[in-house]
Engineer: 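One structure follows; several queries about it will come next.
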Amino acid sequence: MNVARFISVLSLTFVLLQSQQQLHAQNTKENADFKLAINLFNDGLYDLATEQLKQFMNSFPGSSNAIEAKFHLGLAQMKLKQYDDARMTFQAFALTYQENQRAPDAWTNVGECYASVKNYKEAALAFERVKVFHPKSKVAPDALLKSCTYFKLAGQTEDARRVLRIALQEYANSNAALPARTLLGQMYFEEGNLVQAQNE
């Protein structure tokens, strides 16, 4: 091997080693920053967690932890009663990461945020979206029950009945079936429709 080729191979090896060290340092910093954010959240320091999560997502947008960071950002915003910010965070999460296992929970949290500011119609619609976007999710039947509750609070009795019927038709074997039937019967009873109430 001539000297020029030896120096070229040596230089390439040095560059590769340096790249690996930089990548390792970045991965170490990335993991440390994410762990710090989650620890702040778990310790109840939600304002600090919010800032750390935002900083993490800006610094490492392509990180495998960025999705989890976004979800925790929404949770921290809810804890801080920043319901509009939390709602937007969860809605963006649910629409961007539709295949993520937390997407149904994100829609549920959108509903909780609307309910917290007494926007019951939008809360009901958000809970219904769990079923629309994720019909096979284990939280879908209960989300329909919550949707019914908030439609009732919004004065939209027909929509409340509609989501209960969906729950009974599509989730007849779930734990939500009996409460759905009971709620439907109660609604008919309150309206004075005793025959329909008894049928339910």
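The shown structure was predicted, so the numbers you read here are calculated from the model rather than taken from an experiment.
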Engineer: Okay, side chain of Gln169, backbone of Ile166: is any donor-acceptor separation there less than 3.5 Å?
Structural biologist: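 Answer holds: no.
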Engineer: I'd like to know if Leu53 and Ile67 are part of one continuous hydrophobic network [Ile/Leu/Val/Met/Phe/Trp/Tyr, side-chain heavy atoms within less than 4.5 Å].
Structural biologist: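 No, because Ile67 and Leu53 fall into different hydrophobic clusters, even though each may have its own neighbours under 4.5 Å.
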Engineer: Within a reach of under 6.0 Å around CG of Asn42, are more than 12 heavy atoms found that belong to other residues, nucleotides or ligands?
Structural biologist: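 Above 12, so yes.
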Engineer: If hydrophobic clusters are built by linking Ile, Leu, Val, Met, Phe, Trp and Tyr wherever their side-chain heavy atoms come under 4.5 Å apart, do Leu45 and Phe41 end up in the same one?
Structural biologist: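 No.
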Engineer: Is there side-chain contact between Asn100 and Phe93, with at least one heavy-atom pair below 4.5 Å?
Structural biologist: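 Touching, per the 4.5 Å side-chain cut-off.
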Engineer: So, for Leu164 and Leu184, which heavy atoms are closest and what is the spacing to 0.1 Å?
Structural biologist: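 Smallest interatomic distance, heavy atoms only, reads CD1-N, 3.7 Å.
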Engineer: Nearest 0.5 Å please: distance from the NE2 atom of His72 over to the CG atom of Asn65.
Structural biologist: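 With rounding to 0.5 Å, NE2 (His72) is 10.5 Å from CG (Asn65).
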Engineer: Does the side chain of Asn58 come within less than 4.5 Å of Gln55's, by heavy atoms?
Structural biologist: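 Side-chain contact under 4.5 Å: no.
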Engineer: Please round to the nearest 0.5 Å and tell me the distance separating atom CD of Gln77 and atom SG of Cys113.
Structural biologist: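 Going from the CD atom of Gln77 to the SG atom of Cys113 covers 8.5 Å.
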Engineer: Just wondering, do Arg87 and Glu122 contact through their side chains at under 4.5 Å, heavy atoms?
Structural biologist: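 Answer no - side chains too far apart.
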Engineer: Report whether Trp107 and Leu75 are members of the same hydrophobic cluster (ILVMFWY, side-chain heavy atoms less than 4.5 Å apart, transitive linking).
Structural biologist: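 Shared cluster, yes.
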Engineer: Could you tell me which non-hydrogen atom of Gln91 sits nearest to which non-hydrogen atom of Val110, and how far apart they are?
Structural biologist: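 Closest pair (atom of Gln91, atom of Val110, distance): N-CG2, 3.6 Å.
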Engineer: What are the two closest heavy atoms between Gly74 and Ala86, and how far apart are they?
Structural biologist: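 What the structure gives for the nearest pair is O-CB, 3.6 Å.
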Engineer: Mind checking side-chain contact (heavy atoms from CB on, under 4.5 Å) for Glu158 and listing every partner two or more places apart, or none if nothing turns up?
Structural biologist: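 Expected list: Arg161, Arg165.
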Engineer: Which heavy atom of Tyr171 sits nearest to which heavy atom of Ala140, and what is that distance?
Structural biologist: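 Minimum heavy-atom separation between Tyr171 and Ala140: OH-CB, 3.6 Å.
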Engineer: Can you tell me how far apart CZ (Phe56) and NZ (Lys70) are? Round to the nearest 0.5 Å.
Structural biologist: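 Phe56 CZ to Lys70 NZ: 12.5 Å, rounded to 0.5 Å.
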Engineer: Roughly how far, to the nearest 0.5 Å, is OG1 of Thr50 from CG of Asp85?
Structural biologist: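 Reported to 0.5 Å precision, the distance equals 9.0 Å.
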Engineer: Aromatic ring centroids of Phe71 and Phe90 under 6.0 Å?
Structural biologist: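 Yes.
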Engineer: Consider only side-chain heavy atoms of I, L, V, M, F, W and Y, link residues closer than 4.5 Å, and tell whether Phe151 and Tyr114 are in one cluster.
Structural biologist: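 No; tracing contacts between hydrophobic side chains, which count when under 4.5 Å, never links both residues.
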Engineer: To the nearest 0.5 Å, tell me how far Ser174 OG sits from Lys138 NZ.
Structural biologist: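 The NZ atom of Lys138 is 14.0 Å from OG of Ser174, to the nearest 0.5 Å.
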Engineer: Check Lys152 against Ala160 and note the closest heavy-atom contact, atom names and distance.
Structural biologist: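 Heavy atoms only, the tightest pair is CG-CB, 3.7 Å.
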Engineer: Strictly by salt bridge (charged side-chain N to carboxylate O under 4.0 Å, His left out), give each pair with a member in residues 32-61 just once, sequence neighbours left out.
Structural biologist: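 Checked against salt bridge (charged side-chain N to carboxylate O under 4.0 Å, His left out) - neighbours excluded - the pairs reaching residues 32-61 are Lys29-Asp33.
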Engineer: Please name the pair of heavy atoms, one in Pro61 and one in Ala66, separated by the smallest distance, quoted to 0.1 Å.
Structural biologist: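 Smallest heavy-atom distance, with atoms named: O-CB, 3.7 Å.
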Engineer: Which distance, rounded to the nearest 0.5 Å, do you find between the OG of Ser137 and the NZ of Lys131?
Structural biologist: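 Reported to 0.5 Å precision, the distance equals 12.0 Å.
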Engineer: Between side-chain atoms of residues 142-150 and protein atoms elsewhere (two or more places apart, or another chain), which donor-acceptor pairs fall under 3.5 Å?
Structural biologist:
{"from": "Lys146", "atom 1": "NZ", "to": "Glu112", "atom 2": "OE2", "distance (Å)": "2.6"}
{"from": "Ser147", "atom 1": "OG", "to": "Ala124", "atom 2": "O", "distance (Å)": "2.9"}
{"from": "Thr149", "atom 1": "OG1", "to": "Leu145", "atom 2": "O", "distance (Å)": "3.2"}

Engineer: Would Val163 and Leu168 show up in the same hydrophobic cluster when neighbours are defined by side-chain heavy atoms closer than 4.5 Å?
Structural biologist: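 Unlinked, Val163 and Leu168 end up in two clusters.
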Engineer: Please check: side-chain N/O of Tyr83 versus main-chain N/O of Ala115, any donor-acceptor pairing under 3.5 Å?
Structural biologist: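 Side chain of Tyr83 to backbone of Ala115, a donor-acceptor pair under 3.5 Å: no, none is there.
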